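Small disclaimer: the values here were computed from a predicted structure and weren't measured. Every chain is numbered from 1, with letters handed out A, B, ... down the list of sequences.
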Amino acid sequence: MKEKQTGIPEVFLKPYNPAEHEDKLYQMWEESGFFNPDVCVEKGVTAADAEPFSIVLPPPNVTGTLHMGHASMLAIEDILVRYNRMQGKRTLWLPGTDSAAVATQEKVEKELYKKEKLTRYDLGREALIERIIAFSEESKSTIIGQTKKMGSSLDWSRYAYTLDDERYHAVMTAFVRMYEAGLIYRGARIVNWDPKMQTTISDDEIDYVEQTDPFYYFKYGPFTIGTVRPETKFGDKYVVMHPDDDRYKEYEHGQTIEVEWINGPITATIIKDEAADPEMGTGVMTITPWHSAVDFEIAQRHGLSQEQIIDERGILLPIAGEFAGQHIKKARAAIVEKMQAKGLVEKVDEKYVHNVATNSRGGGMIEPQIKEQWFVDVNKEFTMGPSEVPGVHEGDSVSLKQLMQKAVSGGGTTIFPDRFNKTYYHWIDNLRDWCISRQIWYGHRIPVWYKDGEMKVQIESPGDGWEQDPDTLDTWFSSGLWTFSTLGWPNETTDLKTYHPTTVLETGYDIIFFWVARMILMSTFLVGQVPFKNVYLHGLVRDEKGKKMSKSLGNIIDPLDMIEKFGADATRLSLIVGAAPGNDMPLSEDKVRAYKKFANKLWNISRFTLDNILDADFTAEATFSERDQEILQTLSDTVTEVSSDIEKFNLYLAAEKAYHYVWHDLADKVLEESKPILNGEDAAARYARQYVLKECLVTSLKLLHPFMPYVTEAIWQELPTELKDQEMIMVAAWPKQD
RNA sequence: GUCCGGUUAGCUCAGCUGGUAGAGCGCUACAUUGACAUUGUAGAGGUCACAAGUUCAAGUCUUGUACCGGACACCA
């Protein structure tokens with residue numbers, strides 16, 4: 001290293017330029033192997049029996065690119081990881097990517113159609129999957145590269161992909177075990193069918209979109225019924241009313257009446273059921289069990305017959321008579337016209353506002369259908385195996401629902417912020433059996449085999465002539481295994497024993513149901529442990545006006561742009577300060593810019609300090625003034641506060657305190673008042689102050705390292721060896737607390 | 001409809017277990033070429049949404065009201 005006359009490294013003579021250092025530093029970290037806890041133990045940085053600390057990275061979509069949501073997730077997790085690594089814990093942060101099957105297949109299919117005018121059926125299952133894999137592989141490196149840019153200290157040697165061989169094996173094993181325990185069943189049930197993508201989707205994947213449609217009142221014998229969807233009404237032969245509705249006292253449950261209907265007279269049966277809301281319209285409705293979840297439930301309760309009206313593509317079936325073969329969208333007007341002609345239309349409310357179920361992953365309008373699907377039974381009681389779940393013991397009779405409740409209520413998993421506990425319990429209370437089969441091709445294929453009406457559930461094909469179920473599993477089925485499938489399960493690996501349950505799961509509050517709850521379900525049943533001891537839910541990153549970032553609004557702030565302009569450290573800090581757990585956070589470019597200044601400030605603090613202590617003799621006789629003691633005390637208090645805030649997951653407070661201390665205490669006060677002492681005649685006082693400044697610098701760098709890993713490491717690399725306890729600050733010891 | 005948040009300086013937000021308001025940005029004035037492609041010092045600016053209650057004392061606790069946001073359910 002070339003040095004100037006003053007003795008400080010030349011690099012400090014220019015302002016801190018992140019672009020010059022970041023990639024080099026990341027490479028240095030990666031090559032050191034310290035991202036891998038085993039290497040830390042090997043090289044004596046971490047004690048072999050140290051307490052473990054583990055986080056699995058919520059895997060981003062392989063085909064995606066890094067957005068601010070990812071950036072904030074990476075910043076939060078990296079802070080926790082770096083802090084705990086410096087605390088001497090055996091720290092693992094495990095990376096992975098997600099196949100996001102539905103979204104990925106859709107993307108590839110769209111491309112395929114656009115470029116080659118081919119559908120998936122033209123191409124066939126094998127060929128399509130090949131294309132999807134090629135596409136995923138290609139885009140995988142993009143998201144991984146971008147993840148590294150943020151400074152994420154992930155252990156890449158343990159990288160997992162949701163569709164790789166180990167995960168495949170875990171998923172198959174999970175399915176078979178759950179089937180054998182009687183928790184997975186096949187049944188004809190009402191599902192959310194997307195006619196556009198030709199697949200079922202789960203309740204959670206539905207988006208309700210507000211829409212205005214005409215609402216029709218039809219004469220149905222002596223009754224008036226209302227509907228938005230006349231095209232589903234052909235087979236309606238049950239008329240339902242509330243048992244306590246006095247207006248219809250004269251009718252009895254089970255009584256039949258003749259009514260004139262769309263295609264001629266039919267025999268209607270009166271059903272009294274509490275699902276009918278007396279306040280709603282006339283209080284009377286007819287039901288279509290095949291195409292409505294509520295109607296299906298009513299039909300189940302009373303053992304009513306069910307008939308399909310609309311096929312999988314949205315075409316009317318023969319029951320529609322003259323309308324058969326028409327698409328429902330086109331048929332509606334014609335049906336109403338005919339009913340009008342028959343005098344069955346009483347009135348029409350043209351401006352009826354209601355919510356329409358659509359597929360959140362592709363926008364297709366959902367048509368409920370009764371289909372043979374695979375389900376996870378959440379209410380069935382089974383005998384619990386070996387259990388570390390609080391409040392649940394081996395041999396207890398429990399249901400998956402109860403397991404999910406107890407994991408949290410027993411304190412096995414703590415949710416931050418705690419108001420989400422209610423949300424979590426509320427969701428479980430409303431939880432119905434989980435439909436896990438999907439009619440898409442890319443994903444984990446269901447390990448069920450058929451031959452001559454016989455069925456076998458096992459991972460390998462039973463032999464010649466056995467046909468595998470064509471369906472694949474819901475992506476959240478495999479995601480639910482993520483905390484342990486990434487650690488080697490179903491094998492009893494050392495990793496699994498060491499790092500599971502993981503310490504923290506950090507994710508957005510928007511996927512608490514999709515993912516958090518499912519992980520708890522899978523882990524408690526399959527491993528007998530909670531998947532994580534803590535859940536930290538972060539908010540959504542919004543623009544400076546609090547609006548959601550979206551392409552159409554043109555208000556997207558690209559994290560990679562920010563890194564290029566202001567550095568990864570500034571980007572990280574801007575995403576942390578002011579971001580209380582679970583609260584949405586506004587972000588502006590100005591905010592990022594402000595933290596770039598801070599990185600430079602730290603750079604200059606270091607330069608000034610080094611300039612004044614490089615010639616210091618720390619062994620010389622020194623007299624510590626009261627003020628010296630006070631400065632050291634403040635420093636130590638800051639360490640205590642920052643540490644405790646990190647432990648409590650209050651990163652926004654920790655970051656702000658560290659920032660405030662370094663800039664407005666250390667720089668503004670301590671450094672300023674030290675100038676006369678450092679230039680003064682009193683050698684003993686000078687030595688003392690030099691020692692104090694050295695402590696302040698080294699400790700501040702460590703304090704800030706989890707938040708700003710690059711600039712602190714860049715400075716650390718320039719410090720004289722005798723000031724350092726480790727060559728890299730990323731594995732240096734966290735400052736001692738009183 | 002049920003549940004959960006929010007309402008504090010021009011803007012974005014802190015304010016943890018109750019003791020007469022804080023930060024950043026912005027604004028004004030002054031200082032400084034310094035360790036600092038600047039920074040420092042000082043200042044202006046708030047009946048803490050509204051109402052009632054508990055208390056010696058209430059942004060802080062309780063209840064209610066209004067508005068904003070979100071989640072879930074329902075939508076025949």
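- Side-chain proximity of A:Y652 to B:G5, B:A14, B:A35: nearest is B:A14.
- Counting heavy atoms from C-beta on, the side chains of A:M339 and A:W261 come closer than 4.5 Å.
- In this structure, A:D645 atom CG and B:A14 atom P are separated by 15 Å, rounded to whole Å.
- When the C1' atom is compared between B:G18 and B:U12, the two are found 27 Å apart, to the nearest whole Å.
- Annotation for A:F420: atom CZ counts as buried by contact number, over 12 foreign heavy atoms lying within 6.0 Å.
- When each of A:T699, A:L703, A:V662, A:D665 is tested with A:T638 by the rule side-chain contact (heavy atoms from CB on, under 4.5 Å), just one qualifies, namely A:L703.
- Listed nucleotides B:A37, B:A14, B:G40 differ in distance to A:K601; the shortest reach to its side chain belongs to B:G40.
- Taking only side-chain nitrogens and oxygens, A:K422 comes nearer than 4.0 Å to OP1 or OP2 of B:C4.
- With B:U41, B:C72, B:C4 as the candidates, the nucleotide lying closest to the side chain of A:N430 is B:C72.
- Relative to the side chain of A:R419, the nucleotides B:G5, B:C72, B:A35 differ in distance, and B:G5 lies closest.
- B:U39 sits 45 Å from B:C72 when the P atoms are compared, rounded to a whole Å.
- Distance from the side chain of A:F513 is smallest to B:A71 among B:A37, B:A71, B:G40.
- Ranking B:G40, B:A37, B:C4 by closeness to the A:H664 side chain, first place goes to B:G40.
- Atom-to-atom, CD1 of A:I576 to P of B:A14 comes out at 15 Å; the value is rounded to the nearest Å.
- Distance from the side chain of A:N604 is smallest for B:A35 among the nucleotides B:U41, B:A23, B:A35.
- Counting any heavy atom pair closer than 4.0 Å across all strands shown, A:A667 reaches a base atom.
- OP1 or OP2 of B:C16 has not a single side-chain nitrogen or oxygen of A:N650 nearer than 4.0 Å.
- Residue order along RNA chain B, read from the 5' end via each residue's closest nucleotide, puts A:K14 first among A:K14 and A:W663.
- Each of A:W476, A:W427, A:Y425 was checked for a ring pair (Phe, Tyr, Trp, His ring centres under 6.0 Å) with A:F513, and the lone residue meeting it is A:W427.
- Between A:F598 and A:W663, the two ring planes are parallel [angle under 30°; tilted spans 30° to 60°].
- Nucleotides B:G69 and B:G45, compared at atom P, are 33 Å apart to the nearest Å.
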